[in-house]
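This structure is a prediction, so every number in the text was calculated from the model and none was measured.
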Amino acid sequence: MHTTPLNSVLPGEGRRAPRADAVTDARTQSLNGRWRFRLSPTAAGSGGGFVADDFDDTAWDTIRVPSHWVLEPVTPPGADGPRSLLGTADGPLYTNTAFPIPLDPPHIPEENPTGDYRLEFDTDIAAGVLRFQGVDSCATVWLNGERLGWTTGSRLQTEFDVRPRPGRNVLAVRVHRWSPGTYLEDQDMWWLPGIFRDVELIERLPGTIDDHFVHADYNHQTGLGTLRVDADAAAVVTIPELDLVLAAGETATVAVEPWSAESPRLYRGTLATGTESVTLAIGFRRVTIDDGRLLVNGAPVFFRGVNRHEQDWERGRTLDRDTMLRDILEMKRHNINAVRTSHYPPHPDFLRLCDEIGLWVVEECDLETHGFIYAGWEGNPPTEPQWLPAMLDRIQRMVERDKNRPSVVIWSMANESWTGANFDALEAWIRDRDPSRPILYERDPSYRNSDFYSVMYPDLERLEAIGRREEERPDGVSDEEDARRRTLPFLLCEYAHAMGNGPGSLHDYHRIMRSHPRICGGFVWEWIDHGFRHVDGAGNEFVMHGGDVAYRPNGGRYCLDGLLFADRTPGPGWPNWPPSCSRWRSGRPTTGC
């Protein structure tokens, strides 16, 4: 008997193992576009027949993929025709800490809006991988009536092996708004269901490269870089600029320029077999913690960072590459050099741009259980063994996809999920798979799974004490844990809440942070207001926040807390940003400081 996304705390079924994101010359067919769509009020959806080849979907709506159905014109059950759900209890819902469903893990409500998607497409790809870059909150997938499997983990990549038939094919996807996975996704943000990132069909031929791992170390004392590219196929690594041609798995040491956010030096090349060539963009760098300080390439790093949600006031978390590029260039122009991907992995295009343009990235996993605070943390998934496979799956899909990104210098395991033994397993897996990057987890007061001491929103007096390593001892930690914590570098993962006329006191914060070598910088909350462009009944356009939706629980206007307004114009926080050395002006690199 098959499990389903609604009767299991497991992360999925029938999926391929996670692997590295890659730009490939393998034939790739985008399945983005207009799909047929039907919205239903319960998990039963439109019934079981919608997966069949001969199912008549001509009366269904059409919807853009990628998108969120709560931001698109669709026909709600019982309605005469398509309409926008924006501003209704069936549309986007905003919560800050509370779950939008009753706290009864792993159960979910019977009222569970469900979107059935259908796409007819022609292809001559005989064997391939069907890739979903992001589906919220879970999906069951059929191709030509055959059930491929199901998946949870909304902001994580999922792939299925497929064998399409020549010519016409029918892809059917059932997406539930709520699933047991919802209990792992209680981030401070809008709840936005749907197939919201790209869908692709990628050809797989004998001898193609399923996975590869770039190891590109740098020794700042010698100026030498050491390169090894592991692959699961007999492949050849070619880096023309370095005059390198070597087999996958072989090691070479050569003189290189290191990668950093200030000087994002990439060496371009390929990893190739007889049937596929994967593009390599290699940045040589070494991340270490030495004597309580974070170093990259032997030099201390200071993050002038922002927390970044994916957000657009019309498209939600469906961002195009041009918008990502615009945001990164705006960050660089204003001396921002780092991003914490609060609170989930971003679209892979964003990290490619960070590699190319130069931003330090703290990549955070799609894992937060904040709402369990209202139950006194009873039943919190990190403490429950049955949730470990789902938690570990999310960590593995993040690390495997983005392990080759030089911009990613720290893995963040989760946000605001309190404590639990499951984090021990997550930490152990990361350290075994990728010992080249340190690990952050802020919420456990023992910091036993973290290479950093980190808190949110300390006042200036407390921050000064932290810099001197004279901070108060957290409750409930042992002498050994407290002694270890005081040796750790300090990372201010959230501060300077940019709501209303905020943020304030940035000069004071930076004066203190710059005065103490222990502090490696911080991340302002946050990049952009989470508001939606909306029009009221009188035709007046306004920016809709959470409190404009008659639904409880509700985070109100707390989602309007960005350095940018919802339309991406600068908010009042820009003039307060402290001046600093920057090699970027007007989006172009300059020489010197």
Would you confirm whether N144, through its side chain, and L171, through its main-chain N or O, come within 3.5 Å as a donor-acceptor pair? no
Would you indicate whether the side-chain heavy atoms of C354 and W360 approach each other to under 4.5 Å? no
Got N449 and I439 here, is their nearest side-chain heavy-atom distance under 4.5 Å? no
Taking the six-membered ring for Trp, are W69 and Y117 parallel (under 30°), tilted (30 to 60°) or perpendicular (over 60°)? tilted
Can you say whether the rings of H534 and F542 are parallel (under 30°), tilted (30 to 60°) or perpendicular (over 60°)? tilted
Could you verify whether a donor N or O on one side chain and an acceptor N or O on the other, from Y558 and H545, lie under 3.5 Å apart? no
Do the side chains of V65 and L31 get nearer than 4.5 Å, heavy atoms only? no
Note: V199 and N32 closest approach over all heavy atoms is N-OD1, 3.0 Å
Checking Y441 against N415: is there a side-chain donor and acceptor pair closer than 3.5 Å? no
Over all heavy atoms of both residues, which pair between L93 and T88 is shortest? Give the atoms and the distance, please. CD2-O, 4.4 Å
Report yes if the side chains of T318 and H68 come closer than 4.5 Å at any heavy-atom pair, otherwise no. yes
Working for ring-ring contact (aromatic ring centres under 6.0 Å, His included), residues W142 and F50: CA-CA 10 Å; W142 296 263; F50 87 107; 5.5 Å; yes
Evaluate the side-chain contact (heavy atoms from CB on, under 4.5 Å) criterion for residues N380 and I373: first the C-alpha distance (whole Å), next the side-chain angles of each, then the deciding distance (0.1 Å), finally the verdict. CA-CA 9 Å; N380 188 30; I373 194 173; over 6 Å; no
If the threshold is 4.0 Å, N to carboxylate O, is there a salt bridge linking D393 and R397? yes
When you check the side-chain N and O atoms of R315 and T323, is any donor under 3.5 Å from an acceptor? yes
Distance check, rounded to the nearest 0.5 Å: I108 atom CD1 versus S137 atom OG? 7.5 Å
Indicate yes or no: at least one non-hydrogen side-chain atom of R533 is less than 4.5 angstrom from one of L86. no
side-chain hydrogen bond (donor to acceptor under 3.5 Å, both in side chains) between T569 and D567, worked out: CA-CA 6 Å; T569 57; D567 64 354; 2.6 Å; yes
Does one side chain, of T369 or D186, offer a donor that lies under 3.5 Å from an acceptor on the other? no
Is there side-chain contact between L353 and E356, with at least one heavy-atom pair below 4.5 Å? yes
Answer yes or no: is there a donor N or O on one side and an acceptor on the other, between the side chain of T341 and the main chain of E364, under 3.5 Å? yes
Using every non-hydrogen atom in the two residues, find where P345 and D402 come nearest and quote the distance to one decimal. CB-OD2, 4.5 Å
Would you check if the side chain of N554 reaches a backbone N or O of G547 as a donor-acceptor pair within less than 3.5 Å? yes
Between I125 and Q29, is there a side-chain heavy-atom distance shorter than 4.5 Å? yes
Scan L71, V549, V543 and name whichever one has a side-chain contact (heavy atoms from CB on, under 4.5 Å) with F532. L71
Under 3.5 Å, is there a donor-acceptor pair between the side chain of N307 and the main chain of V524? yes
Check whether the side chains of R34 and T62 place a donor and an acceptor atom closer than 3.5 Å, and report yes or no. yes
Does the pair D21/R401 count as a salt bridge with the N-to-O cut at 4.0 Å? no
Spacing of CG belonging to D61 relative to CH2 belonging to W35, to within rounding of 0.5 Å: 15.5 Å
side-chain contact (heavy atoms from CB on, under 4.5 Å), that's the test. Do H347 and L319 meet it? Break it down for me. CA-CA 8 Å; H347 190 289; L319 299 187; over 6 Å; no
Describe, in one word, how the ring planes of W60 and F55 are oriented to each other, choosing from parallel (under 30°), tilted (30 to 60°) and perpendicular (over 60°). perpendicular
Quick check: does any side chain N or O of R443 sit under 3.5 Å from a backbone N or O of H370, one acting as donor and the other as acceptor? no
Charged N to carboxylate O below 4.0 Å: is that the case for R321 and D349? no
In R155, Q187, E185, H309, the residue satisfying side chain to side chain donor-acceptor pair (under 3.5 Å) with Y344 is H309
When W150 is tested against each of P11, S8, C138 for side-chain contact (heavy atoms from CB on, under 4.5 Å), which residue passes? S8
When you measure from the side chain of T114 to the backbone N and O of T42, does any donor-acceptor pair fall under 3.5 Å? yes
Examine R340 relative to F303 and say whether NZ or CZ is less than 6.0 Å from the centre of the six-membered ring and inside a 45° cone about the ring axis. no
Do the side chains of R16 and D161 get close enough for a salt bridge, i.e. N-O under 4.0 angstrom? yes
Distance (rounded to the nearest 0.5 Å) between E72 CD and E314 CD: 10.0 Å
Residues R197 and E310 bridged, charged N to O under 4.0 Å: yes
Is a side-chain donor or acceptor of Y374 paired with a backbone partner of F99 at a separation under 3.5 angstrom? no
Donor on one side chain, acceptor on other, T58 and D56, under 3.5 Å: yes
Do R131 and E159 meet the salt-bridge criterion of a basic N to acidic O distance under 4.0 Å? yes
Tell me if the CD atom of E541 is crowded by more than 12 foreign heavy atoms within 6.0 Å. yes
Does any non-hydrogen side-chain atom of V408 lie less than 4.5 Å from one of L351? yes
State whether the side chain of N96 and the backbone N or O of D188 hold a donor-acceptor pair below 3.5 Å, judged by distance alone. no
Inter-residue atom distance R352.CZ - L325.CG, 0.5 Å rounding: 14.0 Å
Are R147 and E13 close enough for a salt bridge, meaning some N to O gap below 4.0 Å? yes
So, W411 and D434: side-chain donor and acceptor under 3.5 Å apart, yes or no? yes
Passes ring-ring contact (aromatic ring centres under 6.0 Å, His included), F372 versus W377? Steps please. CA-CA 5 Å; F372 282 86; W377 296 105; 7.2 Å; no
Does any donor atom in the side chain of R177 or T182 lie under 3.5 Å from an acceptor atom in the other side chain? no
Can you name the closest pair of heavy atoms from S154 and D366 and give their distance? N-OD2, 3.5 Å
Compute the ring centroids of W525 and H343, then answer whether they are less than 6.0 Å apart. yes
Straight-line distance of I395 CD1 to N422 CG, nearest 0.5 Å: 11.0 Å
Given the rule in the salt bridge (Lys or Arg N to Asp or Glu O under 4.0 Å) test, do D210 and R204 qualify, once you have shown the distances and angles that lead to the verdict? CA-CA 9 Å; D210 255 359; R204 298 284 86 192; 3.5 Å; yes
For the atom pair CD (E526) and CE (M499), what is the distance rounded to the nearest 0.5 Å? 11.0 Å
Given 3.5 Å as the limit, does a donor-acceptor pair link the side chain of N169 with the main chain of P164, or not? no
Do side-chain atoms of R168 reach the backbone of D53 as a donor and acceptor pair under 3.5 angstrom? yes
